[in-house]
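Written out below as structure tokens is the structure these notes cover.
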There are 2 protein chains.
Amino acid sequence: MNKTLLTDLYQINMMYAHYKNGKLNQQTVFDLYYRTNPGQSGYAIMAGLEQVVEYICQLSFTEEDIAYLRSVERYDENFIDYLKQFRFTGEIYAVPEGTVVFPHEPLLRVKAPIGEAQLIETAVLNIINHQTLIATKASRITEAAGGGLVMEFGLRRAQGPDAGVYGARAAFIGGVQATSNVLAGKKFGIPVKGTHSHAYVQSYPSEYEAFLAFARTFPHNCILLVDTYDTLNSGVPNAIKTFKKMKEELGDKFKNYGIRLDSGDLAYLSKAARKMLDEAGFEDAIIVASSDLDEYLIRDLRAQGAQIDAWGVGTNLITSRDCPALGGVYKLVAEEENGRLVPKIKVSENPQKITNPGYKKVVRFYDRNSKQALVDLIMLEEEPIPTESFIAFDPVNTWKRKTVENFEARELLAPIFKNGELVCELPDLTEIQRYAQREKERFAPEIRRLINPHVYHVDLSHQLWELKHRLLSQAKQLRT
Amino acid sequence: MNKTLLTDLYQINMMYAHYKNGKLNQQTVFDLYYRTNPGQSGYAIMAGLEQVVEYICQLSFTEEDIAYLRSVERYDENFIDYLKQFRFTGEIYAVPEGTVVFPHEPLLRVKAPIGEAQLIETAVLNIINHQTLIATKASRITEAAGGGLVMEFGLRRAQGPDAGVYGARAAFIGGVQATSNVLAGKKFGIPVKGTHSHAYVQSYPSEYEAFLAFARTFPHNCILLVDTYDTLNSGVPNAIKTFKKMKEELGDKFKNYGIRLDSGDLAYLSKAARKMLDEAGFEDAIIVASSDLDEYLIRDLRAQGAQIDAWGVGTNLITSRDCPALGGVYKLVAEEENGRLVPKIKVSENPQKITNPGYKKVVRFYDRNSKQALVDLIMLEEEPIPTESFIAFDPVNTWKRKTVENFEARELLAPIFKNGELVCELPDLTEIQRYAQREKERFAPEIRRLINPHVYHVDLSHQLWELKHRLLSQAKQLRT
């Protein structure tokens, strides 16, 4: 399905107004960023860039699209001709997928004729908002699970097919090791996992017969769901009986087996089941848990000594239930006038909503010895990156200052498109996941805490801060 | 994109276990239903059936799919052959889209060989859960807006492209009159609407120039966003100046105009703006509001006399933010044994999770005079529908009884597929929206209240109630 019409009508109407006023090809710069971390998180994990690239590359109005647009509004024929030949000709820089990111940092910087920059706004926000949200949730859930295996099981509760498929992709970037979603497995090479359902057990005359049939079918990968009738009085004993029978039949060729708990108190049941399994000699049987899990419940269950080896997480992950939208925005920050880029600001009564003007970059400073991230600096593109010690200051509470020294610096925004051409190779998904993991380890655990995390410093360079305040004063004078 | 692999791996693994045990073609009946209404709602609006039909009709494993499945598990060649020729051959009954529905009512009833019934579970739940959720949210929001125009503006915050596109469809079923989503407009014929953004205003030397350029481009449909600089001191005065200029230029040919408020206190600003517009002689200018709206805020703004004619609702609608997942489930309720359907029950410590067994129907009883819905009855398919007065009783608190008389009865489940063939014509979307509106009006306002609604009665027929309790006792004996 061509996605060129995956946009808000107002984008096309603004393009038309710009066309009517001879401004359609004016160069502009837009920043995509978000203002607050999702839910209680102290950070987010950038995701969705690959789908943005696919979207940009396929941009082109079909004849059907044009016919539809004609039915919406009586556009000039010249404008229709413009749409017919439309493709993206601009520049896009982006933060790589898997990067730990923070509020107000440009995740994507688009420099393009205003018509193009406007058309793509909606779809680009849709993709980045969604995948970054789910990658962040997955990162928190896998953090809570310690080293335990986390599997994404949410397809049936996802907000439509794409939310399931791209949600599984984002969850993998955030750190889950597998998905139940077969299409996501095929499309992205994510390992797929699955057990069986209650209906499966019900469809046999007895639980034991159901288990044995399943074990004989999957002797190398046999996780039995034990709560169809009664976990401790029926399910676990029947699973043990099945494991014994299979060991008799196959010996050590019966392997990778265990049980899944899907209801009841998972701390209590997992400890009791572990004891029963161990006493029967099945110390290597694993215990998988599912049932309304999220990062908070996983943390609490582990704190209570739950004997759970693997976690199947559904609804709360795939919808990011406690915060189902990342509020990413896309704001005009510069415009070309007489051949040079002029910074633009959007004022607001709400200081959080005032934009950072200009054509900018984001630089992350790491301690040279500990390799830990120290501070991020949003700077104007033309500014040199500090090589010696410098003083970073909080852009709101400017008396909060910190000397940054002995650092390695790294620019976060990398070129993706130039003159409309893709100029980078996209990493594969496993590489992105590994990069995300490495990146996260370079941030103090305090910043990754599930609730009330320490706030990581994202400061403005002195030059950017001054530009912002100068433009704010000008805007204020303009209005009074 | 073929969606046959849009399923959980465990479905395919269960199919394989059933195949290994010669059970793959055993006839089964599954019910799709949910257990609690989304959020604070007293009902839900069924949606998604058209996409379920499209999904069922396209079911077929491609060669690529087969190759992928071979890489996942070493399935028997006979099973692979089964997959290669797989198509849906069963029966599906469903509640029409737009119907007001309640917990525990089968929304979809699938009778099919177990292999087919299992494969489709995940995608069917995904589609119905998503669209029913959003249609319900939209219904609540339009109810709160009274007769005011409600527009869906959420694409940029939706959970991926499908969530935007099918969410817009579901929102239209629930009652919104337009969407900003152009692709949804093209695909489903939903009216599309749009204004302009802050960036549009910023890209002109002054707000007035931006407004005038826009008004001249869209003289028949000109809504100006007035909060880029200062709503009451700059935006509204410049809008009025623009309207005056346009009236001078075009007279009555300048029409369908107004302003949009996107920040600040919408009650205060809309009243102040209304006064300014009226005093300038623009009584017919409409006021559109957007900015984190949901049903509760709309209700409160209206209660405070906000002068808002149209509502643009984004994130809170498209993600159903306060409840981003409907917990629809799909449960085995009967299985063929020796040529006849045997009812099955799933027991649970949690009474809410015990299933209603058997091959069933849902009947809605309306008062013959007032046409208001009185009670729904879940019955066994073979039971005759009452034609005379009968006593309905609460399935939990059985002493709560109510004599139902002078009624018209209507079955909610209608045939969609028989022997794998589509046997119905699907209504068009406008028809579905109208039907939903009529249906809603047949339920007392108390049931549609935004919070703490009156609970509508969904009872079991006496025969079904007895069957359920007989099977429960049997299951209890089996376990002890």
Side-chain angles (χ1 to χ4, degrees), chain A residues 3 5-10 12-14 16-17 20-21 23 68 72 114 122 125-126 129-130 155-164 166 180-183 186 192-200 202-203 213-214 217-218 229-230 233-234 315 319 321 324-325 331-332 335 344 346-347 479, chain B residues 3 5-10 12-14 16-17 20-21 23 68 72 114 122 125-126 129-130 155-164 166 180-183 186 192-200 202-203 213-214 217-218 229-230 233-234 315 319 321 324-325 331-332 335 344 346-347 479:
Chain A
K3 292 198 171 86
L5 290 190
L6 189 73
T7 191
D8 291 308
L9 181 66
Y10 86 164
I12 292 171
N13 283 351
M14 287 190 280
Y16 190 50
K20 282 285 208 180
N21 291 280
K23 285 170 50 74
Y68 173 69
V72 169
I114 194 163
T122 310
L125 278 171
N126 171 286
N129 273 334
H130 173 231
L155 177 56
R156 66 190 56 197
R157 302 280 167 80
Q159 296 196 346
D162 279 350
Y166 298 113
S180 65
N181 183 331
V182 187
L183 190 53
K186 179 189 165 203
V192 286
K193 298 263 185 202
T195 60
H196 64 76
S197 70
H198 301 115
Y200 170 83
Q202 283 174 273
S203 78
F214 195 81
T217 309
F218 297 101
Y229 301 115
D230 184 321
N233 294 309
S234 168
T315 313
T319 65
R321 191 172 191 133
K331 296 290 177 190
L332 179 73
E335 217 171 14
K344 295 274 169 176
K346 158 86 179 76
V347 295
R479 283 159 52 195
Chain B
K3 292 200 172 86
L5 289 190
L6 189 73
T7 190
D8 291 309
L9 181 66
Y10 87 164
I12 292 170
N13 283 350
M14 286 190 280
Y16 190 50
K20 283 286 209 179
N21 290 280
K23 285 170 51 73
Y68 174 70
V72 170
I114 194 164
T122 311
L125 278 171
N126 171 285
N129 274 334
H130 172 230
L155 176 56
R156 64 188 56 197
R157 301 281 167 79
Q159 297 197 344
D162 280 350
Y166 298 114
S180 65
N181 183 331
V182 187
L183 190 54
K186 178 188 165 203
V192 285
K193 298 262 185 202
T195 60
H196 64 77
S197 71
H198 301 113
Y200 170 81
Q202 283 173 272
S203 78
F214 195 81
T217 309
F218 297 102
Y229 301 115
D230 184 321
N233 294 309
S234 168
T315 313
T319 65
R321 191 172 193 133
K331 296 290 175 190
L332 179 74
E335 218 172 14
K344 294 273 168 177
K346 159 84 178 77
V347 294
R479 283 159 53 193

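Lettering of chains follows the sequences in order, A, B, ..., and the numbering in each one begins at 1.
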Look up atom [atom1] in [X] and atom [atom2] in [Y], then write down how far apart they are to the nearest 0.5 Å.
{"X": "Asn181(B)", "Y": "Leu6(A)", "atom1": "CG", "atom2": "CG", "value": "6.0 Å"}
{"X": "Tyr229(B)", "Y": "His198(B)", "atom1": "OH", "atom2": "NE2", "value": "10.0 Å"}
{"X": "Arg157(B)", "Y": "Leu125(A)", "atom1": "CZ", "atom2": "CG", "value": "7.0 Å"}
{"X": "Ile12(A)", "Y": "Thr7(A)", "atom1": "CD1", "atom2": "OG1", "value": "6.0 Å"}
{"X": "Thr217(A)", "Y": "Asn21(B)", "atom1": "OG1", "atom2": "CG", "value": "5.5 Å"}

[X], part contacting chain A, at a heavy-atom distance under 4.5 Å:
{"X": "Glu335(B)", "result": "side chain"}
{"X": "Asp162(B)", "result": "both"}
{"X": "His196(B)", "result": "both"}
{"X": "Phe218(B)", "result": "side chain"}
{"X": "Val192(B)", "result": "both"}
{"X": "Lys331(B)", "result": "side chain"}
{"X": "Lys20(B)", "result": "side chain"}
{"X": "Tyr68(B)", "result": "side chain"}
{"X": "Ser203(B)", "result": "both"}
{"X": "Lys23(B)", "result": "side chain"}

So which of Ala163(B), Ala325(B), Pro161(B) has the largest heavy-atom pair count under 4.5 angstrom toward chain A?
-> Pro161(B)

So which of Leu183(B), Val182(B), Ile114(B), Leu332(B) has the largest heavy-atom pair count under 4.5 angstrom toward chain A?
-> Val182(B)

Would you say [X]'s side chain and [Y]'s backbone share a donor-acceptor pair under 3.5 angstrom?
{"X": "Tyr200(B)", "Y": "Phe214(B)", "answer": "yes"}
{"X": "Gln159(A)", "Y": "Ala158(B)", "answer": "no"}
{"X": "Asn126(A)", "Y": "Gly164(B)", "answer": "no"}

Could you tell me which residues satisfy side-chain hydrogen bond (donor to acceptor under 3.5 Å, both in side chains) with Asp8(A), sequence neighbours excluded, listed by chain and number?
-> Thr122(A), Arg156(B), Ser180(B)

Side chain, backbone, both or neither: which part of Thr315(A) has a heavy atom under 4.5 Å from chain B?
-> side chain

Tell me, for Asn129(A) versus chain B, whether the close heavy atoms (under 4.5 Å) come from the side chain, the backbone, both or neither.
-> side chain

